[in-house]
There are 2 protein chains.
Amino acid sequence: MNIADQTFPAIDGANEDRAQAIRDQLRDAIVDRRLAPGTKLSEGEVGTLFDVSRTVARAALQMLSFEGLVRTERNRGAFVANPSPEEARQVFASRRLIEPGIAIAAAGRMTSADVAAFKTQLEEEGRFIAERGPTARRSEIKASGDFHLLLASVAGNVILQRFMEELVARSSLVIALYGRSGISSCGHNEHVQILEALEAGNAERASALMLHHIDHIEADLDLRVRSGPALRQALEF
Amino acid sequence: MNIADQTFPAIDGANEDRAQAIRDQLRDAIVDRRLAPGTKLSEGEVGTLFDVSRTVARAALQMLSFEGLVRTERNRGAFVANPSPEEARQVFASRRLIEPGIAIAAAGRMTSADVAAFKTQLEEEGRFIAERGPTARRSEIKASGDFHLLLASVAGNVILQRFMEELVARSSLVIALYGRSGISSCGHNEHVQILEALEAGNAERASALMLHHIDHIEADLDLRVRSGPALRQALEF
DNA sequence: TCAGAAAAGATTGCATACGATTTCCACCAG
DNA sequence: CTGGTGGAAATCGTATGCAATCTTTTCTGA
């Protein structure tokens with residue numbers, strides 16, 4: 001898969017930062033798996049695709065590199081990240097630490113508008129699961145992550161929200177690489193249960209459910225190292 | 001305080017990324033309060049000071065902006081962040097959520113080398129407390145943060161480690177802005193106790209002590225809003 | 001035929017240039 | 001004296017050019 005095969009919507013009104021707009025679109029593409037791990041993102045190509053100079057493209061890639069979605073090597077360029085099993089474990093360890101707390105914080109702040117937003121979100125998630133095909137599957141992974149991001153936004157801590165954005169994005173990459181089967185239907189169920197607990201104001205239960213939910217997601221991964229370290233490194237691209 | 005009044009050690013062997021080296025030095029200056037919140041960091045000045053082009057200076061400032069230590073405004077430039085009381089609360093809420101977990105993880109991984117490193121660290125911290133004067137005070141705040149960073153590195157999760165780097169740096173800013181008195185001697189004591197628990201392998205106790213420790217740090221802050229919101233916003237720079 | 005060296009091509013790192021935007025300040029009308 | 005106005009200076013956003021580095025291809029000698 002090459003970045004040149006991608007199509008991106010034109011950048012909207014240049015009022016906002018163009019580099020940021022490019023970062024958002026690239027991030028979506030990575031999280032949606034339209035860009036496979038390891039894909040080279042050359043400054044020139046990105047610039048041409050979005051019709052900006054290398055300067056701006058470079059800034060966008062630098063941002064993605066901070067978020068851990070892109071790995072940059074000096075004098076070699078930027079590549080879609082290819083997280084190792086160890087990195088994958090750390091991503092989920094971080095989520096286990098943070099998300100139960102976010103659930104507790106959110107439970108104390110849910111408004112009826114928030115509940116409505118969650119219901120809309122979960123409905124959409126359900127639709128993608130019902131559908132079949134690779135496109136629906138991508139949308140499903142994305143929607144599943146959006147549930148967690150919505151929760152983080154309700155929790156009302158912008159710092160934790162940003163951390164979660166990074167963790168969810170990296171999780172998508174990890175699931176793409178190491179995912180085994182249909183976490184989805186099971187996961188959707190768990191999302192529903194978490195929402196019920198939140199709606200009932202049962203913070204403890206929401207927190208515990210969240211912890212189990214993360215465990216389930218991680219349990220579906222196959223994080224065994226596939227070959228000896230030497231070969232592994234040699235093939236790592 | 002102007003950035004031009006600062007002196008910075010020359011950047012070392014250009015093997016590493018120069019922008020990164022500049023970021024590190026600026027971060028130290030901000031955390032040490034040699035650069036006051038609100039100070040303008042113009043690309044040109046930074047570039048001149050470090051003898052690089054604006055391109056590189058800009059990249060360094062962009063990194064700091066991601067970490068929340070610098071706020072950038074379009075067409076206006078970069079300024080040392082000036083966290084609001086609300087931001088301050090969120091920084092500490094995040095730490096309360098993350099650090100007890102880090103303490104638990106670290107407790108299970110402490111080696112004797114780690115213990116030695118902690119002891120060295122705490123000795124140094126003690127020395128700065130014994131000394132008096134503004135320079136020692138700065139070093140003391142820095143050393144206090146380093147304790148938490150050391151703990152994060154022992155915990156062995158590089159993602160959480162990076163989150164902690166950001167949180168500790170932002171905490172230093174917050175303490176500089178809203179700190180009241182001598183958290184230090186008290187804080188040092190608590191660090192010692194935490195280390196004792198870690199050494200004894202008592203993860204639960206280390207975690208609980210950490211939580212209290214963070215509470216104490218935050219309790220020493222004066223986060224009351226000083227004036228009406230209208231004036232406050234007008235004066236916010 | 002194949003390993004190794006040399007050259008060609010591509011890509012990044014960085015500096016610089018130029019237009020656009022904002023800030024500052026002198027000036028003037030009310 | 002206050003408040004608005006115009007232009008100059010400063011600063012930012014972005015494109016582009018050149019040197020350094022890496023990659024690939026080609027050539028040579030065994």
Side-chain angles (χ1 to χ4, degrees), chain A residues 2-6 8 10-26 35 38-66 70-81 233-237, chain B residues 1-6 8 10-26 35 38-66 70-81 234-237:
Chain A
N2 191 304
I3 184 168
D5 305 332
Q6 289 291 315
F8 295 99
I11 323 176
D12 62 331
N15 196 357
E16 270 224 29
D17 215 342
R18 291 198 279 171
Q20 213 155 312
I22 293 172
R23 175 201 61 179
D24 290 342
Q25 295 198 22
L26 284 179
L35 287 170
T39 305
K40 166 139 203 204
L41 304 172
S42 94
E43 298 175 357
E45 260 179 312
V46 172
T48 306
L49 274 171
F50 288 98
D51 200 42
V52 295
S53 77
R54 278 205 306 129
T55 308
V56 178
R58 191 184 176 79
L61 291 173
Q62 196 189 355
M63 294 193 232
L64 289 169
S65 154
F66 282 126
V70 152
R71 180 174 38 84
T72 62
E73 289 175 30
R74 186 176 175 87
N75 279 324
R76 284 195 15 93
F79 305 82
V80 177
Q233 272 205 327
L235 291 177
E236 203 161 51
F237 63 112
Chain B
M1 179 162 14
N2 192 304
I3 185 170
D5 304 332
Q6 290 290 317
F8 296 99
I11 323 174
D12 62 329
N15 196 355
E16 270 225 26
D17 216 343
R18 291 196 283 171
Q20 214 156 313
I22 292 173
R23 175 201 61 176
D24 290 343
Q25 296 200 21
L26 284 179
L35 287 170
T39 305
K40 166 140 203 204
L41 304 172
S42 95
E43 297 176 355
E45 259 180 311
V46 172
T48 306
L49 274 171
F50 288 97
D51 202 41
V52 296
S53 77
R54 275 205 309 128
T55 308
V56 178
R58 190 187 177 78
L61 291 172
Q62 195 191 354
M63 294 192 228
L64 289 169
S65 155
F66 281 125
V70 152
R71 182 173 36 87
T72 61
E73 292 174 27
R74 186 176 174 87
N75 278 322
R76 286 199 8 96
F79 304 82
V80 177
L235 291 178
E236 203 162 52
F237 63 117

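These numbers come from a predicted model, not from an experiment.
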B:Gln62 side chain near B:Arg23 side chain, heavy-atom distance below 4.5 Å: no
Let me know which of A:Leu61, A:Leu64, A:Val52 forms a side chain to side chain contact (heavy atoms under 4.5 Å, CB included) with A:Ile22. A:Val52
Output yes when a side-chain donor or acceptor of B:Lys40 lies under 3.5 Å from a complementary backbone atom of B:Arg76, and no otherwise. yes
In whole angstrom, what separates A:Glu43's CD from D:dA15's P? 13 Å
May I ask you to evaluate whether A:Ser53 reaches the phosphate of D:dT14, defined as a side-chain N or O under 4.0 Å from OP1 or OP2? no
Between the base of C:dT12 and the side chain of A:Ser42, is one N or O donor paired with an acceptor at under 3.5 angstrom? no
In this structure, how many angstroms lie between the P atom of D:dG13 and the CZ atom of A:Phe50, rounded? 20 Å
Return the 5'-most residue of the pair B:Glu45, B:Thr55 with respect to DNA chain D, ranking by each residue's nearest nucleotide. B:Glu45
All side chain to side chain contact (heavy atoms under 4.5 Å, CB included) counterparts of B:Thr48, not counting sequence neighbours: none
For A:Glu43, all residues meeting salt bridge (Lys or Arg N to Asp or Glu O under 4.0 Å), sequence neighbours excluded: A:Arg54, A:Arg58
Pairing residues for B:Thr72 by the side chain to side chain contact (heavy atoms under 4.5 Å, CB included) criterion, not counting sequence neighbours: B:Ser65, B:Val70, B:Ala78
From CZ of A:Arg58 across to P of D:dA15 the rounded distance in Å is 14 Å
Rounded to whole angstrom units, what separation is found between the CZ atom of B:Phe79 and the P atom of D:dT11? 11 Å
Nearest-Å distance, CG (B:Leu61) to P (D:dC12)? 9 Å
Separation of D:dG13 P from A:Arg18 CZ (nearest whole Å): 11 Å
Measure the angle between the two terminal helix axes of the helix from C:dT1-D:dA30 to C:dG30-D:dC1, five base pairs each, and quote it to 10°. 0°
Flag the pair A:Leu26 / A:Phe50 as yes when at least one side-chain heavy-atom distance between them is below 4.5 Å, and no otherwise. yes
Across all chains, not counting sequence neighbours, the side chain to side chain contact (heavy atoms under 4.5 Å, CB included) partners of B:Thr55 are B:Ser53
What are the atom names and distances for every N/O pair under 3.5 Å that joins the protein to nucleotides 18-22 of chain D?
from   : atom 1 : to      : atom 2 : distance (Å)
D:dT21 : O3'    : A:Asn75 : ND2    : 3.2

Return the value, rounded to whole Å, for the distance between atom CG of A:Asp51 and atom P of D:dG13. 19 Å
Which atom pair, heavy atoms only, marks the closest approach of A:Ala19 to A:Ala59? CB-CB, 3.9 Å
